[in-house]
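So that the names make sense, note that chain A is the first sequence line, chain B the second, and so on, each numbered from 1.
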Protein chains: 2
Amino acid sequence: MPDQPKYQRRKEDRPREIADAAFEAFAEKGYAATRIDDVAKRAGVSKGLTYLYYKTKEDLFKAVVRNVVVRRIDSLIGDVESTELSSEEFIRGPLLGFMQRMPGSPIAIVVRLLIAEGRRHPDLVDYYYDNVVARGLAAIRDFIERGVERGEFRPAARELQPQLLVAPVMLSMIWRLLFADKSLDTDRLMESQIDMLLAQIKA
Amino acid sequence: MPDQPKYQRRKEDRPREIADAAFEAFAEKGYAATRIDDVAKRAGVSKGLTYLYYKTKEDLFKAVVRNVVVRRIDSLIGDVESTELSSEEFIRGPLLGFMQRMPGSPIAIVVRLLIAEGRRHPDLVDYYYDNVVARGLAAIRDFIERGVERGEFRPAARELQPQLLVAPVMLSMIWRLLFADKSLDTDRLMESQIDMLLAQIKA
DNA sequence: CCACTTGCTGACCGTGGAGTCATCAATTAT
DNA sequence: ATAATTGATGACTCCACGGTCAGCAAGTGG
């Protein structure tokens, strides 16, 4: 019988593993209903260890949100800035695709957690606003500006509120979170919105 | 010194009073973080009494949601059906006004509660879907159908997803719930959406 | 005025979960 | 080898909160 140690020390990997397990648990049950014991079990770790890396449950929560957020955002915004496509092609292609993936992505979970718990974690809301919302909206505005300069969009396009593009994504997220069973063609919803927007701003 | 009784018996009013207090408390702290003791205090009542009228905290939660929902919906949908205005006038007038009031109304609070707690109360989600979402969407569809029959809208308007009208309302709700401080002209957002939609479906 | 009903109170109970810490054992240093 | 270090464990504490219930007093009927 080989000498199996009861555990290995893995100082480097633990925090990430615990945060990932916590994300799963929060996603399933929400913040309040999640037990630290359960998080520890999922991570294959004892409850006490969780407290070595995260001083409180709230700390863990914040780490989870920051974690998901930073992992996703940069690549996305990079894409927008480095494309060689025409504005319309980009919108109808990569951008639409990205929007359509949002409702099924971890970002949707984070949105739910923030809506549910945001009030009691204002600094987390600020963090999310600065790193996701503000940057996302700015990227859209820059993109439109570029389109105007290239002559692809009418100058009046500058007046467009970027939130008009986001609204159907938001609705689709909420719809799926609440009414997973009731069908709604969220892909078509976003396509229609883009059709309308383009019709209005194209040169 | 007048003989002040310690309390009055008010069998009829208690349930409503308690439910209203609970709504306030849930709105401020969310379901999980709300203490029955706190609800009772707000209602000026002892904790025990709460349990006389609502057997569990969950019961109370459901009563609160149903309460808010039924108080609001009927009048709204009545308006849509009984108007004498042209379709465009109705949309730009009463409907837009209603949409603009939504984000500040108790419905927004209910939406937050449902997003946060919906998973663990599927029957409540169903109730909300049947009584608010389904009826609301049906009303919009009927209204469009009527517009088509009157020749105000193109027949293709029938293909329009009613959720396109709701999306900016949803986004505005969430925005205000999370980012009360960061400004966003939600009224203009809805107006723009209506402009775009009308441009597309008007005969 | 008294007897009776019942709306209402608040002290109490049990549970479960956040957070602690004495101790163990894997790893590293000597 | 042996000692020192520290990652990791899990039994334990503490207490907050949902839910109970024996008793009290406001209302009611005779």
Pairs under 3.5 angstrom only: tabulate donor-acceptor contacts from the side chains of residues 100-110 of chain A to other protein residues two or more places apart or in another chain.
unit_1, atom_1, unit_2, atom_2, d
A:Q100, NE2, A:D187, O, 3.4
A:S105, OG, A:M102, O, 3.0
A:S105, OG, A:I107, N, 3.1

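Candidate nucleotides D:dG19, C:dC8, D:dA8 were compared by shortest atom distance to the side chain of A:R14, and D:dA8 ranks first.
Remark: A:R176 engages no residue in a salt bridge (charged side-chain N to carboxylate O under 4.0 Å, His left out) (not counting sequence neighbours). Considering only residues two or more places apart in sequence or on other chains, B:K202 meets the salt bridge (charged side-chain N to carboxylate O under 4.0 Å, His left out) condition with B:E88. Residues satisfying the salt bridge (charged side-chain N to carboxylate O under 4.0 Å, His left out) test with A:R72, not counting sequence neighbours, are none. In this view, B:R66 satisfies the salt bridge (charged side-chain N to carboxylate O under 4.0 Å, His left out) rule with no residue, not counting sequence neighbours. A:F26 meets the ring-ring contact (aromatic ring centres under 6.0 Å, His included) test with A:Y31, A:F61; sequence neighbours excluded. Judged as a side chain to side chain contact (heavy atoms under 4.5 Å, CB included), and not counting sequence neighbours, the contacts of B:L52 are B:L49. Residues passing the side chain to side chain contact (heavy atoms under 4.5 Å, CB included) test with B:R141 are B:L137, B:P162, sequence neighbours excluded.
For the pair B:L49 CG and D:dC21 C1', the computed distance is 14 Å after rounding to whole Å. With rounding to whole Å, B:R10 atom CZ is found 14 Å from D:dG27 atom C1'. Whole-Å rounding puts the B:Q8 CD to D:dT28 P distance at 12 Å.
Of the residues in residues 27-43 of chain B, B:T34, B:R35, B:I36 come within less than 4.0 Å of DNA chain D through at least one heavy atom, sorted by number. Of the residues in residues 51-67 of chain B, those lying under 4.0 Å from DNA chain D by heavy-atom distance are B:Y51, B:T56, B:K57.
In this structure, the separation between CG on B:D195 and CE on B:M190 is 13.5 Å, given to the nearest 0.5 Å.
Mapping B:G48 and B:K11 onto DNA chain C via the closest heavy atom, the residue that lands nearer the 5' end is B:K11.
Stem regions annotated for DNA chain D: C:1-30 with D:1-30, counting only runs of 3 or more consecutive pairs of Watson-Crick or G-U type with both contacts under 3.5 Å.
Note: B:F143 and B:F90 have tilted aromatic rings, judged against thresholds of 30 and 60 degrees for the angle between ring planes.
Legend: salt bridge (Lys or Arg N to Asp or Glu O under 4.0 Å) pairs involving residues 51-63 of chain A, not counting sequence neighbours, sorted by first then second residue: A:E58-A:K62, A:K62-A:D123.
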